[in-house]
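Notes follow once the structure below has been shown.
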Amino acid sequence: MNHIYLFDVDGTLTEPRQPIDPDFARFFERFCRTHPVYLVSGSDLPKLKEQLPTSIIASAQGVFSCSAAELWVDGKTIYQLDHQFPKDLIEALESFVEMSQYPRRFGNHIEYRTGMLNVSVIGRNAQKSDRQSYFAWDRQEEERSAFIKRFIETFSDYEASAGGEISIDIVPKGWNKSRALAVLKQDMPDGIITFFGDRMQPGGNDYPLAKALREDSPLHRVMPVESFNETWALLNTITSPRIGALLQAS
Ligand code: M1P
């Protein structure tokens, strides 16, 4: 029986959009060399390469990027599924950015990726402290979740999810991380999967894959985490049962 490990990246292996912690990177690279690992991210490959060392990307079995609209194995594209988004949908995203009550903008508000769009009121050029300010404001105002609700009522052929701190991912219906399960099952129908992610709640971009795993088999495991430190502690329970017993006892 194959046991496969899937990991979201931002918020699960790294702080959002930040490079991986060097000590955790050493640990995780070892884990990737000794266990079958796939990364499943909303980000694109160039951004993942800014955050993770080549040694980790190369020792993973594969990288699902752009919410699994792309799969890379050994640096080669296995598939890339693109989509032409309609003009009125893009206009709706532009007016969301314009109309937001949040006072600051940093540029690069709608990013086009393979098979998906990413929209951000403050913009992808925002630095860490500006991201955190927007994240705190959005948590209070619930701007993103209110927009997601309105958006999917209007554009019912599309899905929207808040994958990280400052933005919303938009994909055609069904084009979400759950594609990773469908793809892996083609080659490993009996594979048992453990998935780590920080956005497993409805509306989060890890939710569709978590849901698909729960529905597919009771043997799969879904591990919601809030930080890379939590992922690290959970992986310790897998690689070192004695540490695991200690953590469970504490
Ligand atoms: O991988 C999680 C998310 O990371 C970024 O989110 P944000 O910039 O909002 O923190 C984006 O790359 C997003 O697409 C992705 O889902």
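Atoms within a ligand are numbered from 1 in the order they appear, just like the ligands themselves.
- Using bins of under 30°, 30° to 60° and over 60° for the plane-to-plane angle, the ring pair Tyr134/Trp137 lands in the tilted bin.
- The Arg131 neighbourhood of ligand 1 comprises atoms 7 (P), 8 (O), 10 (O), with distances under 4.0 Å to a heavy atom of that residue.
- Between Lys49 and Thr54, the closest side-chain pair of non-hydrogen atoms is not below 4.5 Å.
- Within the 4.0 Å heavy-atom shell around ligand 1 one finds Arg124.
- The aromatic rings of Phe147 and Phe151 sit tilted, their planes meeting at an angle between 30° and 60°.
- Across every non-hydrogen atom of Val9 and Ser41, the tightest pair is CG2-CB, 4.0 Å.
- Using a 4.0 Å cut-off to heavy atoms of Asp10, the atoms of ligand 1 that qualify are 1 (O), 2 (C), 4 (O).
- Contact annotation for Ile166 and ligand 1: heavy atoms of both the backbone and the side chain come within less than 4.0 Å of the ligand.
- Residue Tyr112 is grouped with residue Val97 when hydrophobic side chains (ILVMFWY) are merged at heavy-atom distances under 4.5 angstrom, including chains of intermediate members.
- Taking CZ of Arg33 as the reference point, atom OG of Ser55 lies at 8.0 Å (rounded to 0.5 Å).
- Atoms of ligand 1 lying under 4.0 Å from any heavy atom of Arg113, numbered from 1 in the order shown and given with element: 11 (C), 12 (O), 13 (C), 14 (O).
- Those atoms of ligand 1 with a heavy atom of Asp169 less than 4.0 angstrom away are 13 (C), 14 (O), 15 (C), 16 (O).
- Using cut-offs of 30° and 60° on the angle between ring planes, the pair Tyr5 and His35 is perpendicular.
- Close N/O approach between Ser167 and ligand 1 is found [any backbone or side-chain N/O within under 3.5 Å].
- Judged by the shortest distance from any of its heavy atoms, Lys47 lies outside the 4.0 Å radius around the atoms of ligand 1.
- Interface of Ser43 with ligand 1, defined as ligand atoms under 4.0 Å from a residue heavy atom, comprises 12 (O).
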